[in-house]
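Have a look at the structure below before the remarks.
Positions are given from 1 along the sequence. Just so it is clear, the values below take in all heavy atoms, side chains as well, and ignore hydrogens, waters and symmetry mates.
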Amino acid sequence: MDPSVIVLGILVVAVLALQGYLTFLQYRNYQKAVDSLRGEGRILGIGMRKGGMSIRGGAIVILAWNEEKDRIEGCKRLQGPTMWKRFTEVEDYVGMTLNEVRKCGVEEDYALNRRARDKVPYSPLLDDKRRKKGAVIQAVESIDRYLARQMKAADKGRQQGPKKTGGIDREAIRRRAEARKRAIRAEASHGEHDSGAKTNKGG
């Protein structure tokens with residue numbers, strides 16, 4: 001066999017092994033960040049924005065939100081090529097309500113996707129298969145989806161009659177989830193108004 005073929009085969013195997021090792025390190029780094037933010041009463045929201053060809057790379061944001069207090073109790077962010085970076089603490093959002101962070105997330109999303117948002121304003125229902133929304137607003141949307149699932153479960157429980165199951169007051173969950181849903185619609189409407197104002201100002 002040609003020695004060059006053998007060398008090439010060894011290089012391919014080495015590259016694959018290195019890639020597998022780096023992937024393992026990335027996962028362990030991510031899992032440590034998630035575990036460090038877990039806590040009683042906390043709901044974690046995770047957002048991931050793909051970087052594509054951008055020099056800045058993508059971003060991953062993990063929010064720890066206390067539902068009872070409606071306060072962010074912790075946040076970690078990874079910015080840039082994930083294989084070389086580590087999660088860092090972010091104090092900017094700690095102490096904020098979920099809607100306050102939502103507003104920050106919409107503003108970040110507009111700054112990152114200005115041209116696209118001038119054409120199509122941000123909306124929670126906006127198709128984002130390519131993961132181009134800002135990581136912060138994606139993390140907030142992740143919490144919103146969790147609350148929506150809670151509301152769906154509460155509605156199902158209400159059809160069976162008001163009761164507590166496993167220590168969970170489903171009716172109380174339903175009321176909180178409905179209030180959160182109204183707040184989301186109000187915030188989305190406000191965001192569309194702001195985006196329209198920015199577009200008119202630019203014109």
TODO: Evaluate the side-chain contact (heavy atoms from CB on, under 4.5 Å) criterion for residues R114 and D118: first the C-alpha distance (whole Å), next the side-chain angles of each, then the deciding distance (0.1 Å), finally the verdict.
DONE: CA-CA 6 Å; R114 185 178 299 271; D118 283 341; 3.9 Å; yes

Can you name the nearest heavy-atom pair linking [X] to [Y], along with the distance?
{"X": "E141", "Y": "P124", "answer": "OE2-CA, 3.6 Å"}
{"X": "L78", "Y": "R86", "answer": "CD1-C, 4.2 Å"}
{"X": "Y93", "Y": "I72", "answer": "O-CB, 3.3 Å"}
{"X": "R77", "Y": "A59", "answer": "NH2-CB, 4.1 Å"}
{"X": "C75", "Y": "V61", "answer": "SG-CG1, 4.0 Å"}
{"X": "I62", "Y": "A33", "answer": "CD1-CB, 4.0 Å"}

Under the side chain to side chain contact (heavy atoms under 4.5 Å, CB included) rule, collect the residues that match up with [X], sequence neighbours excluded.
{"X": "D128", "value": "K132, K133, Q138"}
{"X": "L125", "value": "S123"}
{"X": "T97", "value": "D70, R71, N99, E100"}

- [ ] Check the pair Y30, I46 against side-chain contact (heavy atoms from CB on, under 4.5 Å), reporting the backbone distance first and the verdict last.
- [x] CA-CA 11 Å; Y30 168 79; I46 301 171; 3.1 Å; yes

TODO: Tell me whether V94 is reachable from L63 by hopping between hydrophobic residues (I, L, V, M, F, W, Y) whose side-chain heavy atoms are closer than 4.5 Å.
DONE: no

TODO: Find the distance between CG (L98) and CG (N66) and round it off to the nearest 0.5 Å.
DONE: 11.5 Å

- [ ] Kindly compute the distance separating CZ (R117) from CZ (R115), expressed to the nearest 0.5 Å.
- [x] 14.0 Å

Task: Side-chain donor-acceptor contact under 3.5 Å, Y122 with N113 - done: no

Task: CD (E68) with more than 12 external heavy atoms under 6.0 Å - done: no

Task: Flag, side chain of E108 to backbone of I137, donor-acceptor distance under 3.5 Å - done: no

Open item on the list: Using only atom types and a distance under 3.5 Å, with no angle test, would you say the side chain of D109 pairs donor to acceptor with the backbone of G105?
Closed with: no

Determine whether [X] and [Y] make a side-chain contact, defined as any pair of heavy atoms from C-beta on separated by less than 4.5 Å.
{"X": "L44", "Y": "I143", "answer": "no"}
{"X": "C104", "Y": "M96", "answer": "yes"}
{"X": "F87", "Y": "I60", "answer": "yes"}
{"X": "E107", "Y": "K103", "answer": "yes"}
{"X": "K76", "Y": "S36", "answer": "yes"}

TODO: Check salt bridge (Lys or Arg N to Asp or Glu O under 4.0 Å) between D35 and all other residues, then give those that pass, not counting sequence neighbours.
DONE: R38

- [ ] Output all residues satisfying salt bridge (Lys or Arg N to Asp or Glu O under 4.0 Å) with K69, sequence neighbours left out; order by chain, then residue number.
- [x] E73

Task: For L11, the rest of its hydrophobic cluster, which grows through side-chain links under 4.5 angstrom - done: V7

Task: Under 4.5 Å side-chain linkage, directly or through intermediates, the cluster mates of L126 - done: V120

Task: Residues which pass side-chain hydrogen bond (donor to acceptor under 3.5 Å, both in side chains) with T88, listed by chain and number, not counting sequence neighbours - done: none

